[in-house]
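Encoded as structure tokens, the structure appears first; notes follow it.
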Amino acid sequence: MKKFMAIFLSAILLCGCSQKNDTAEPTEATELPTEEATELTAEPVYNVFSSDRSIAVMIDNDGDSSRPHAGIEDAFLIYEMYVEGTATRLMAVFKGVDTPKIGPVRSSRHYFLDYALDCNALYAHAGWSPLAMEQISSMGVNNLNGLIYEPQYFWRERKYSGDYHSLYTSIENLTSLAEKLGYETESDVLPFNFTAEDVTFEGESATSLSFPYATFYKVTYEYDEETGFYTRYINSEYHSTQSGEKLSAEQIIIQFVSNYNLGDGSARQQLDTVGDGSAILVSNGVQVPLTWSRESRTSKLTFYTEDGEELTLDAMGQTYVQVIPPTMKYTIE
């Protein structure tokens with residue numbers, strides 16, 4: 001399947017171990033669903049080698065009311081990080097795709113800006129924390145704020161009065177807004193070395209992953225040998241989108257980053273995204289130890305394999321970056 005997909009994308013280009021961290025509390029094991037739903041994510045609709053500039057969208061993930069998400073099955077890259085209250089937020093990055101509905105869109109947190117700049121992305125969000133507002137300007141982020149440009153470029157689909165899990169947009173709207181604001185809409189900058197070739201790795205077994213972000217929220221991945229992809233679950237249920245598509249990842253990067261209270265009188269977090277640290281790549285049913293390095297918040301984050309080479313990734317399936325603290329009791333089996 002993956003080799004077929006590599007040939008497929010190449011044609012497009014021509015035309016245009018059990019491992020556990022035991023420093024946190026265990027969570028109760030739960031069974032994953034066995035019934036069939038829709039097909040797993042297969043051939044990508046995006047093209048990471050497109051001349052279109054990447055668009056990063058902040059995605060609400062605050063409880064069941066924020067889901068199912070819309071459109072993130074079309075993203076080539078999804079980051080997940082803590083925000084306040086042990087909740088997480090996603091940042092979905094799109095390129096070479098025309099997704100008609102994306103959301104719900106939520107507010108910015110300042111440490112996501114570092115990763116948006118890695119992609120040289122147009123950055124879509126709905127409001128911001130005080131520090132994010134300040135740093136979007138000082139760091140030169142080309143932002144698209146839904147609270148300012150609603151309803152022309154963003155729209156509401158409220159399920160009840162006051163529903164804040166309700167703001168949506170589209171690639172067409174975001175591109176039109178970027179043009180209106182005078183932003184560049186073409187760029188070949190990518191956050192990783194992507195290739196259309198089939199990339200394989202050697203390492204210890206990694207067919208089941210678990211990330212207990214909170215007692216009420218756990219992300220797991222299960223490897224499917226037939227497809228070569230990892231099916232993604234939230235609280236033991238398929239992470240499905242509004243289209244009914246079950247999300248899956250070709251590769252998962254686990255980046256260990258310390259986080260702690262920002263100290264501004266709120267529950268907002270600080271993540272230490274600058275410096276050096278450890279990471280793990282999970283792909284093809286195995287895990288590979290990595291290191292990461294970032295010299296400054298506006299310089300590129302780089303991942304390295306044990307031989308000191310910069311990481312190269314297959315562009316055929318979605319890449320997830322799970323940014324977690326070293327104290328999380330994650331498991332890889």
Side-chain angles (χ1 to χ4, degrees), residues 19 21 23-24 54 56-62 69 72 75-93 106-119 121 123 125 129 131-132 135 139 141 191-192 206 209-214 217-221 230 232 234 239 247 249 251-262 267-283 287-304 311 313 318-332:
Q19 176 174 337
N21 181 328
T23 58
S54 293
V57 185
M58 294 296 294
I59 302 294
D60 190 357
N61 197 39
D62 186 9
H69 298 121
I72 65 173
F76 76 91
L77 174 63
I78 297 178
Y79 297 90
E80 182 166 22
M81 300 179 224
Y82 270 124
V83 289
E84 52 272 18
T86 66
T88 71
R89 197 151 294 171
L90 309 178
M91 186 175 77
V93 188
R106 281 297 295 273
S107 58
S108 173
R109 294 296 179 267
H110 65 284
Y111 38 86
F112 281 93
L113 304 178
D114 308 28
Y115 297 87
L117 288 175
D118 288 338
C119 307
Y123 180 66
H125 58 99
S129 65
L131 194 55
Q135 294 181 356
M139 294 172 69
V141 178
F192 304 112
L209 293 75
S210 176
F211 302 98
Y213 282 92
Y217 177 74
K218 180 172 69 173
V219 172
T220 54
Y221 295 89
Y230 290 82
R232 179 177 160 98
I234 291 179
H239 188 177
L247 297 178
Q251 52 242 338
I252 303 146
I253 296 175
I254 307 163
Q255 184 189 11
F256 298 102
V257 175
S258 296
N259 71 282
Y260 45 90
N261 193 277
L262 184 58
R268 297 187 186 98
Q269 297 292 292
Q270 173 67 38
L271 271 66
D272 289 338
T273 59
V274 176
D276 304 283
S278 59
I280 300 171
L281 170 69
V282 176
S283 181
Q287 57 181 303
V288 180
L290 305 173
T291 58
W292 65 265
S293 178
R294 187 195 292 275
E295 293 184 1
S296 71
R297 292 192 55 208
T298 55
S299 64
K300 183 181 176 183
L301 171 67
T302 306
F303 291 92
Y304 298 96
L311 179 65
L313 295 176
Q318 283 189 320
T319 300
Y320 280 76
V321 181
Q322 304 288 155
V323 180
I324 65 172
T327 55
M328 178 185 285
K329 187 182 173 59
Y330 69 94
T331 62
I332 305 177

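Everything numeric in this text was worked out from a predicted model, so none of it was measured.
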Heavy-atom check, side chain of Y330 versus side chain of I324, under 4.5 Å: yes
Minimum heavy-atom distance between C119 and V93, given as atom pair plus value: SG-CG1, 4.1 Å
Stepwise side chain to side chain contact (heavy atoms under 4.5 Å, CB included) test for M328 and Y213: CA-CA 8 Å; M328 178 185 285; Y213 282 92; 3.5 Å; yes
Q322/Y221 under side-chain hydrogen bond (donor to acceptor under 3.5 Å, both in side chains): CA gap, chis, key distance, verdict: CA-CA 11 Å; Q322 304 288 155; Y221 295 89; 2.5 Å; yes
Salt bridge present between D114 and R297 (N-O < 4.0 angstrom): yes
Residues R89 and D62 bridged, charged N to O under 4.0 Å: no
Side-chain heavy atoms of I280 within contact of L290, under 4.5 Å: no
F76 side chain reached by T319 side chain, heavy atoms, under 4.5 Å: no
Atom pair CD1/CG of I59 and L90 - distance to nearest 0.5 Å: 7.0 Å
Side chain to side chain contact (heavy atoms under 4.5 Å, CB included) partners of T86, counting only residues at least two apart: Y82, A214, F216
Short side-chain to backbone donor-acceptor contact, H69 and D60, under 3.5 Å: yes
Heavy-atom closest contact (S210 atom, K218 atom, distance): OG-CD, 3.3 Å
Test item: Q318 side-chain N/O and A75 main-chain N/O as donor-acceptor pair under 3.5 Å: yes
Value rounded to 0.5 Å, distance of NE2 in H125 from OG in S107: 9.5 Å
Working for side-chain hydrogen bond (donor to acceptor under 3.5 Å, both in side chains), residues Y123 and S108: CA-CA 9 Å; Y123 180 66; S108 173; 2.8 Å; yes
Where at least one partner belongs to residues 269-279, residue pairs that pass salt bridge (charged side-chain N to carboxylate O under 4.0 Å, His left out), sequence neighbours excluded: none
Candidate pair Y111 and Q135, rule side-chain hydrogen bond (donor to acceptor under 3.5 Å, both in side chains), full reasoning: CA-CA 9 Å; Y111 38 86; Q135 294 181 356; over 6 Å; no
Side chain to side chain contact (heavy atoms under 4.5 Å, CB included) between Y304 and S293, intermediate numbers included: CA-CA 8 Å; Y304 298 96; S293 178; 4.2 Å; yes
For the student: nearest non-hydrogen atoms of L113 and A132, plus distance: CD1-O, 4.2 Å
H110 ring center within less than 6.0 Å of F112 ring center: no
Any donor-acceptor pair under 3.5 Å from W292 side chain to T273 backbone: no
Aromatic plane relationship, F192 with F303 - under 30° parallel, 30 to 60° tilted, over 60° perpendicular: tilted
Minimum side-chain heavy-atom gap Y115-L301 below 4.5 Å: yes
Donor-acceptor contact below 3.5 Å, side chain Q269 vs main chain R109: no
N259 versus P325, closest heavy-atom pair with distance: OD1-CB, 3.2 Å
Distance in Å, N61 CG paired with E80 CD, rounded so as to fall on 0.5 Å steps: 5.5 Å
Any Y320 side-chain heavy atom under 4.5 Å of L247 side chain: yes
OG on S283 to CD1 on I252, rounded to 0.5 Å: 8.5 Å
T331 side chain near L209 side chain, heavy-atom distance below 4.5 Å: no
Distance-minimising heavy-atom pair for A279 and Q255: CB-CA, 4.2 Å
Point-to-point distance, once rounded to the nearest 0.5 Å, from CG of L262 to CG of L131: 6.0 Å
Spacing of OG1 belonging to T302 relative to CG belonging to D118, to within rounding of 0.5 Å: 8.0 Å
Contact check, side chains of L271 and S258, non-hydrogen atoms, under 4.5 Å: no
Side chain to side chain, V282 and V288, heavy atoms closer than 4.5 Å: no
